[in-house]
Undergrad: 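This is the structure I have questions about; it appears just below.
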Amino acid sequence: MSSRIDTVERSLAIMLLKARETVMQRFRPMLKQHGLSEQQWRVLRVLNEQGASEPTNLAREAVILMPSLTRILAALEERQLISRSRHPGDGRRQIARLTDNGQHVIAEITPASIAIYAGLEQDFGAEDTHQLMQALRRLARLQTPQ
């Protein structure tokens with residue numbers, strides 16, 4: 001039994017999922033108060049940080065599969081948090097951007113998000129948090145092209 005547990009504990013994929021769950025447990029109540037799913041929040045954050053974007057870029061940056069992103073964009077547009085329009089240079093492509101309502105939601109949530117991150121850093125340790133983020137960035141850069 002012990003070797004089986006050791007094997008699971010050494011699985012990078014499982015440990016990353018456990019760590020993600022630990023982090024998201026802190027964020028879910030805040031997101032729920034604002035009627036947002038985790039995926040919707042990721043899309044809003046990407047649009048806020050990177051500006052207007054094509055869906056392919058949004059899917060990649062928010063780590064969401066395209067079929068799911070299509071539904072998420074429709075829901076966010078229905079709530080008037082984003083708008084979608086045709087790409088000015090290519091009418092076949094689409095651009096999504098935050099609306100004023102979307103920017104308002106970001107501004108509303110940001111203080112709570114910052115506090116949650118501060119609590120995580122306090123519990124985990126500032127240096128460990130910094131090292132973990134550096135290691136995860138290096139690991140993410142190993143992604144193979146699709």
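Given the structure is predicted, the values throughout are model-derived calculations rather than measurements.
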Undergrad: Q131 side chain to D128 main-chain N or O, any donor-acceptor pair under 3.5 Å?
TA: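 Not a single qualifying donor-acceptor pair exists.
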Undergrad: Would you compute the distance between atom OG1 of T56 and atom CG of L69 and round it to the nearest 0.5 angstrom?
TA: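 Interatomic distance, T56 OG1 to L69 CG, rounded to 0.5 Å: 9.0 Å.
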Undergrad: Please check if the side chain of R42 supplies one atom and the backbone of A62 the other of a donor-acceptor pair under 3.5 Å.
TA: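 Side chain of R42 to backbone of A62: a pair is present.
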Undergrad: Using 0.5 Å steps for rounding, measure from the CD atom of E127 to the CG atom of L132.
TA: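 Separation between the atoms: 11.5 Å.
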Undergrad: Identify whether the distance between the nearest side-chain nitrogen and carboxylate oxygen of E61 and R45 falls below 4.0 Å.
TA: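 Looking at R45 together with E61, the answer is no, because their closest N to O distance does not fall below 4.0 Å.
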Undergrad: Is a salt bridge present between E21 and R28, judged by a nitrogen-to-oxygen distance below 4.0 Å?
TA: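 Salt bridge flag = yes for R28 with E21.
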Undergrad: Would you say S53 and R97 are linked by a side-chain donor-acceptor pair, where the criterion is simply a distance under 3.5 Å?
TA: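 Looking only at side-chain atoms, S53 and R97 do not form any donor-acceptor pair under 3.5 Å.
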Undergrad: Got a donor-acceptor contact below 3.5 angstrom from the T99 side chain to the L81 backbone?
TA: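 Yes; judged by distance alone, with no hydrogens or angles, the pair exists.
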Undergrad: Take R86 and R93 through the side-chain contact (heavy atoms from CB on, under 4.5 Å) test and state the conclusion after the steps.
TA: CA-CA 6 Å; R86 293 284 165 212; R93 294 171 26 207; over 6 Å; no
Undergrad: The test is ring pair (Phe, Tyr, Trp, His ring centres under 6.0 Å); show your working for F124 and Y117 and say whether it passes.
TA: CA-CA 10 Å; F124 190 59; Y117 279 119; over 10 Å; no
Undergrad: Counting distance only, does the side-chain N/O of S68 pair as donor-acceptor with the main-chain N or O of I64 below 3.5 Å?
TA: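 Here the side-chain-to-backbone pair does not exist.
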Undergrad: Looking at S113 and I109, would you say the former's side chain and the latter's main chain have a donor-acceptor pair under 3.5 Å?
TA: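 Checking the backbone N and O of I109 against the side chain of S113, no donor-acceptor pair under 3.5 Å is found.
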Undergrad: Does P55 offer a backbone N or O that forms a donor-acceptor pair with the side chain of R60 under 3.5 Å?
TA: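 Side chain of R60 to backbone of P55: no pair is present.
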